[in-house]
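Each chain gets a letter, A, B and so on, in the order the sequences are listed, and its residues count up from 1.
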There are 2 protein chains.
Amino acid sequence: MPEKVTIADVARQAGVSRQTVSNVLNAPELVREETRERVRQAVEQLGYRVNQAARRMRTGRSRLLAVRIERTQDGMNVFDRFLHGLTESAAKAGYRVILYSADDDRSEIATFDDLLGAYEPDAFVLTSTHYGDVRTSWLEERGLAFVTFGRPWGTPDGGGHPWVDVDGAAGTAAATRRLAGAGHRRIGYIGWQEGSGVGDDRRSGWARTMKDLSGTTTGDTDGDKSGDTGVLERRTDGSTAEGEAAARELIAAGATALVCVSDSVALGATQAGVPVVGFDDTPVAAAIGLTSLSQPLSEAAACCVEVLTGRLDAPDGGSPGDGPPDHVLLEPSLVIRRTA
Amino acid sequence: MPEKVTIADVARQAGVSRQTVSNVLNAPELVREETRERVRQAVEQLGYRVNQAARRMRTGRSRLLAVRIERTQDGMNVFDRFLHGLTESAAKAGYRVILYSADDDRSEIATFDDLLGAYEPDAFVLTSTHYGDVRTSWLEERGLAFVTFGRPWGTPDGGGHPWVDVDGAAGTAAATRRLAGAGHRRIGYIGWQEGSGVGDDRRSGWARTMKDLSGTTTGDTDGDKSGDTGVLERRTDGSTAEGEAAARELIAAGATALVCVSDSVALGATQAGVPVVGFDDTPVAAAIGLTSLSQPLSEAAACCVEVLTGRLDAPDGGSPGDGPPDHVLLEPSLVIRRTA
DNA sequence: TCTGTTGGTTTGAACGTTCAAATCGAAGTA
DNA sequence: TACTTCGATTTGAACGTTCAAACCAACAGA
């Protein structure tokens, strides 16, 4: 039976009071060097660990980060690698990750409520942000700490809350440039239906680069209005089957290479026999030799933790408004394989 | 700001004492019907949620299950689906999942210690059991609650602790029978190096079935000693490259179909052009049309939770020894696709 | 000498819950 | 009547921590 070692045991062992032990742990500068060392030894000797439940009762801080675990759709998701990174980074910062699941925004908000009542996580990490995301406003209204992995799509100025994201447009732009560098001029794009923040972002990198390549004018890299690119573009539901169909259509329309919004559609597209670049560098891409864009997920996770701990451990309690909101945009990298 | 509702607030609202509210929540049968209803309404009205930290202080129970998040090796792992199921099942039973990571058994045990001191999880769920697994004995010595997802390899009687696992031998046996049903007689097996519990188990299903098929004698289905099967078997490091090489060797040796220990090696084997069955039904299998054995992961996770909650919520505090240890062996199912 | 300041430490209380024991009214039994 | 028993409810204490305030010795300035 693992006997519990409390702060009182340590205090007795070191010949000081409870509070002094607490201070050594939480505010060492208040304690005289010599005493500090004595307490540290006692902690070591007894194998003392702070009881988070008791600490939390007093301070209201749980050192827990709550994250939703994503439903594995077609299995080509990327979330588990992010989660792994998050767990490791959190542990380094003295936090633990607690999981929950939810089917939609509404039930996720209900879960926020539940979790806050029961476990009081210090912060939430939201993934899969989308237009009209009600989760962020719910959290903001209550002054709760959170980061999103994903930009707040739909708020032009980048939103008031901290976020970390991967620059999809930069990724597809790099992919498009690579294909162009191999001599292709008619590079097609297979995307998702309009209205997905991530999808539109990824599309824009291709569109922008194509415009640049066509050399109509210099400057105005922001211009998204398709000139003749429209004919080289297909929107799909993201399935492999539609990816293949779209690829054949685009090739018929003259495309000689393809940039894809995901590995799923890219997998289909590879059947059509022209160079293809996918997105997300899923295991499937590695397995079939698909060139793909890899998101720096560990790094993204580390950023999320950094942003949160920065706010949580701030002296004033981490209320928003101090300093600029953290907005981190990371670059994906192109993993070259057989298909392009 | 979300004001905290405590049990005292509920008590006041319902015109009863704290303890009565507590009883309504934890032992409703002690409270008179009418009072119970009144308290329930107050709980509802105020949106009260029990504060787990405070509860834990008193009871020593945290309603947390700790699970290690696996390092995604080649991405063809299966763990994330298990984790998803675990989160959902745990939530239904009123538990949450807390994550940790560790590089080896030693550091995992250190993490047990850490977690127990800080968060006191009620139980651990261990994955990736293996021969000489020191984690289980560490936990057993301390009388801590845990289940393993994976049998305790190496203890012939099945071990004293509860476990949930998927019957790999039954899976490969089913795969072998299916290939035999399609007319194949020389069915090869591509496995891992000897000494892995999971690998040896999966191999045994193939070996047993091949022996049965050869019709030397009836009965003795347990017999594992390879007769002429040895020549139809290759052991690999699990990589796709070695899978392909092994497949070609086996075909040269006369094999007309192949059963594989994993989707990774199966992916390589498909290059050789004979029917192939993989194991784990990873996204990669779905993507390339590989017939594969699917583990019932949600079900396995649900079993883990059931086993644990059964023990934790037992009246005597869940000490081991009451009733038979729970050993659950689930059957994988063959997902038929193009390759077999 | 008195007063104030400072660094280091201790003491009492509180966080929200549940356990154990106490209380109370009603009903049953001798 | 007095004594038990029983069901329903309340009261006091405790879990382990940290906050806020108190304490104390040493020292500085008037």
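Shown for residues 9-19 of chain B: residues whose heavy atoms fall under 4.0 angstrom of DNA chain D, namely B:Val16, B:Ser17, B:Arg18, B:Gln19. DNA chain D is contacted by B:Thr35, B:Met57, B:Arg58 of residues 35-60 of chain B, taking any non-hydrogen atom closer than 4.0 Å.
No donor-acceptor contact under 3.5 angstrom links the side chains of B:Thr111 and B:Asp114, judged on distance only. Judged purely by distance below 3.5 Å, without hydrogens or angles, the side chains of B:Glu70 and B:Thr127 pair a donor atom with an acceptor atom. For the residue pair A:Asp105 / A:His130, a side-chain donor-acceptor distance below 3.5 Å is found, with atom types taken as modelled.
Rotation axes derived from the C1' atoms of the five outermost pairs at either end of the helix from C:dT1-D:dA30 to C:dA30-D:dT1 lie 70° apart, to the nearest 10°.
When DNA chain D is scanned in the 5' to 3' direction for atoms under 4.0 Å from non-hydrogen atoms of chain A, the outermost contacting nucleotides are D:dG16 to D:dA20.
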Check the pair A:Asn23, A:Gln19 against side chain to side chain donor-acceptor pair (under 3.5 Å), reporting the backbone distance first and the verdict last. CA-CA 6 Å; A:Asn23 284 338; A:Gln19 185 60 37; 3.2 Å; yes

- Task: Show the numbers, then the answer: is there a side-chain contact (heavy atoms from CB on, under 4.5 Å) between A:Arg96 and A:Leu65?
- Result: CA-CA 6 Å; A:Arg96 297 277 173 191; A:Leu65 305 182; over 6 Å; no

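For B:Ala93, the side chain to side chain contact (heavy atoms under 4.5 Å, CB included) partners are B:Tyr95, B:Val305, B:Thr309, not counting sequence neighbours. In this structure A:Phe112 satisfies the ring-ring contact (aromatic ring centres under 6.0 Å, His included) test together with A:Phe124, A:Trp138, sequence neighbours excluded.
Taking 4.0 Å as the cut-off between side-chain N and carboxylate O, B:Arg49 and A:Asp113 count as a salt-bridged pair.
Here C:dA26 presents its P atom at 11 Å from CZ of B:Arg32, a figure rounded to the nearest Å.
Looking at heavy-atom distances under 4.0 Å, B:Thr20 makes contact with a base.
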